[in-house]
S.K.: 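Quick one: the structure is below, and I'll ask about it shortly.
Both backbone and side-chain heavy atoms feed into the values below; hydrogens, waters and symmetry mates do not.
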Amino acid sequence: MSAPTLLVVAHGSRDPRHAATVQALVRRAGALRPGLRVETAFLDFTLPSVPGVLDRLAADGVREVVALPLLLTRAFHAKADIPAVLRGAPAGLRVRQAEVLGPSPLLLAAVERRLYEAGLAPGDKSSTGVVLASAGSSDPEAIAVIAETARELRRTGWCSVRPAFASASLPRTDEAVRALRAEPRVRRVAVAPYVIAPGRLPDRIAAGAADADVLADVLGPAPELARLLLERYEDATADRLAAVAG
């Protein structure tokens, strides 16, 4: 029995940096599993579209697909948009939706990687406050996951960690930077964008980090994210095999 194709489903953006970053991440994940067919599709703004890729896979004779939402939290896109578009898959193509990427210790490791690449060192953790800046969501479940991720990052040794949001939720990045400045033990403030690829909202995060000491890069094609894509794929295929065995 051949392995299901991995279809990574990204949101899409008018910003060409977004698609380039997503494709770089997907290539890195594919390189970790030679022989696994890995495809990328976008919900909006960017081609190839999800229906277009599903049609092509069916025409190629593919019979099973694991659709992996390239999302850090389980909000509207994962709950509604992606299931809706997957329901339109061609007849005979079995599609299983994998879980979103977060939460995961690998995401925390990727955040720390970007902070260190921006100039911090492990020895700076006890005196550095971090703004974990996400895109934002109106979904309470997604907001709760970001808050818990900030707490988990704080437990790794950073002096203080505050969540912030570029849209839909408060506080904004600049507000969280000011709040950290007011904490007596914080000697420097770093902003860690908790987003995968560049675009309008990450640019808003960067603008809000103007008064921070350090601004890390987006998570992008970090090796931890590439491993996480395969971890979510393997979880989904394990569920499939368990269902067949049952």
Side-chain angles (χ1 to χ4, degrees), residues 6-11 13 17-36 38-40 66-75 77-78 97-125 128 130-135 137 142 144-158 161-164 166 190-199 201-202 205-206 209 214-238:
L6 170 58
L7 173 60
V8 178
V9 180
H11 180 268
S13 170
R17 297 174 299 166
H18 177 91
T21 301
V22 169
Q23 296 286 9
L25 171 59
V26 173
R27 284 194 300 271
R28 188 163 205 165
L32 296 175
R33 281 286 299 271
L36 174 65
V38 183
E39 300 280 350
T40 310
V66 170
L68 172 60
L70 195 64
L71 301 168
L72 298 177
T73 60
R74 190 173 177 273
H77 294 306
Q97 182 174 327
E99 291 295 330
V100 297
L101 299 180
S104 169
L106 287 170
L107 288 172
L108 297 180
V111 168
E112 292 199 317
R113 171 187 291 276
R114 294 306 188 220
L115 286 167
Y116 297 150
E117 289 172 349
L120 295 173
D124 297 323
K125 294 174 83 167
T128 301
V130 177
V131 177
L132 187 72
S134 76
S137 174
V145 168
I146 296 299
E148 179 57 26
T149 301
R151 288 190 289 269
E152 289 294 327
L153 186 62
R154 167 68 182 82
R155 293 182 189 113
T156 68
W158 297 96
V161 179
R162 289 177 177 261
V191 172
Y194 193 61
V195 293
I196 293 173
L201 294 180
I205 289 171
V214 174
L215 172 62
D217 200 358
V218 298
L219 300 177
E224 295 84 1
L225 255 68
R227 287 168 50 202
L228 184 54
L229 262 61
L230 293 179
E231 187 176 288
R232 293 291 183 255
Y233 169 82
E234 288 159 3
D235 289 345
T237 54

S.K.: Could you walk me through whether L107 and T149 satisfy the side-chain contact (heavy atoms from CB on, under 4.5 Å) test, starting with their C-alpha distance in whole Å, then the side-chain angles of each, then the deciding distance to 0.1 Å, before giving a yes or no?
M.R.: CA-CA 9 Å; L107 288 172; T149 301; 6.0 Å; no

S.K.: With sequence neighbours left out, write down each residue that passes salt bridge (Lys or Arg N to Asp or Glu O under 4.0 Å) with E112, or none if nothing qualifies.
M.R.: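 Testing E112 for salt bridge (Lys or Arg N to Asp or Glu O under 4.0 Å), a comparison that skips the adjacent residues, returns K125.
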
S.K.: Got a second to check how far L132's CG is from L153's CG, nearest 0.5 Å?
M.R.: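 The CG atom of L132 sits 6.0 Å away from the CG atom of L153.
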
S.K.: How about CD on E99, more than 12 heavy atoms from neighbouring residues, nucleotides or ligands closer than 6.0 Å, or not?
M.R.: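 Result for CD/E99: open.
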
S.K.: Can you find a pair of side-chain heavy atoms, one from V8 and one from L25, that are under 4.5 Å apart?
M.R.: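 V8 vs L25: side chains apart.
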
S.K.: Looking at every heavy atom in both V195 and A135, which two are closest together, and how far apart are they?
M.R.: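 Reported closest heavy-atom pair: CG1-N, 3.8 Å.
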
S.K.: Give me each pair satisfying salt bridge (Lys or Arg N to Asp or Glu O under 4.0 Å) with a member in residues 222-233, each pair once, sequence neighbours excluded.
M.R.: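 Matches after skipping sequence neighbours: R113-E224, R232-D235.
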
S.K.: For R17, give me all partners under side-chain hydrogen bond (donor to acceptor under 3.5 Å, both in side chains), at least two apart in sequence or on another chain.
M.R.: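 Only D15, D203 meet the side-chain hydrogen bond (donor to acceptor under 3.5 Å, both in side chains) criterion with R17.
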
S.K.: Looking at CG of L6 and OG1 of T40, how far apart are the two atoms once the value is rounded to the nearest 0.5 Å?
M.R.: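 The distance works out to 8.0 Å.
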
S.K.: Tell me the closest heavy-atom pair linking P103 and V145, and the distance in Å.
M.R.: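 Residues P103 and V145, closest heavy atoms: CD-CG1, 4.3 Å.
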
S.K.: Does the side chain of L219 come within less than 4.5 Å of V111's, by heavy atoms?
M.R.: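 The answer is yes; the side chains approach within 4.5 Å.
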
S.K.: Determine whether L201 and S134 make a side-chain contact, defined as any pair of heavy atoms from C-beta on separated by less than 4.5 Å.
M.R.: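 No, side chains not in contact.
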
S.K.: Using a 4.5 Å cut-off on heavy atoms from C-beta on, say whether the side chain of P221 contacts that of T21.
M.R.: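 Counting from C-beta outward, T21 and P221 do come under 4.5 Å.
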
S.K.: If every non-hydrogen atom of G220 is compared with every non-hydrogen atom of L225, which pair is closest and at what distance?
M.R.: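 Looking at all heavy atoms of both residues, the shortest contact is O-CD2, 3.4 Å.
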
S.K.: Are the side chains of L229 and L101 in contact, using a 4.5 Å heavy-atom criterion?
M.R.: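 Side-chain contact under 4.5 Å: yes.
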
S.K.: Return the minimal non-hydrogen interatomic distance between G199 and S13, and the atom names on each side.
M.R.: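 What the structure gives for the nearest pair is CA-OG, 4.4 Å.
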
S.K.: Holding to side-chain hydrogen bond (donor to acceptor under 3.5 Å, both in side chains), I want the full list of residues that pass it with E117, two or more places apart in sequence or in another chain.
M.R.: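 By the side-chain hydrogen bond (donor to acceptor under 3.5 Å, both in side chains) rule, E117 matches R114.
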
S.K.: Just to verify, what does V214 make a side-chain contact (heavy atoms from CB on, under 4.5 Å) with, not counting sequence neighbours?
M.R.: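 Residues passing side-chain contact (heavy atoms from CB on, under 4.5 Å) with V214: A118, L120, A190.
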
S.K.: Is there a side-chain contact between T73 and V100 in this structure, where contact means two heavy atoms from C-beta onward sitting under 4.5 Å apart?
M.R.: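 In short, these two side chains do not touch, never coming nearer than 4.5 Å.
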
S.K.: Taking all heavy atoms of L230 and all of A29, pick out the closest pair and write down the distance.
M.R.: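 Taking every non-hydrogen atom into account, CD1-O, 3.6 Å.
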
S.K.: Indicate the atoms forming the closest heavy-atom contact of P193 with D217, along with that distance.
M.R.: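 Heavy-atom minimum between the residues: CD-O, 3.8 Å.
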
S.K.: Answer yes or no: is there a side-chain heavy-atom contact under 4.5 Å between V38 and Y233?
M.R.: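 Answer no - side chains too far apart.
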
S.K.: Mind checking what makes salt bridge (Lys or Arg N to Asp or Glu O under 4.0 Å) contact with R28, not counting sequence neighbours?
M.R.: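 Result, salt bridge (Lys or Arg N to Asp or Glu O under 4.0 Å) vs R28: none returned.
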
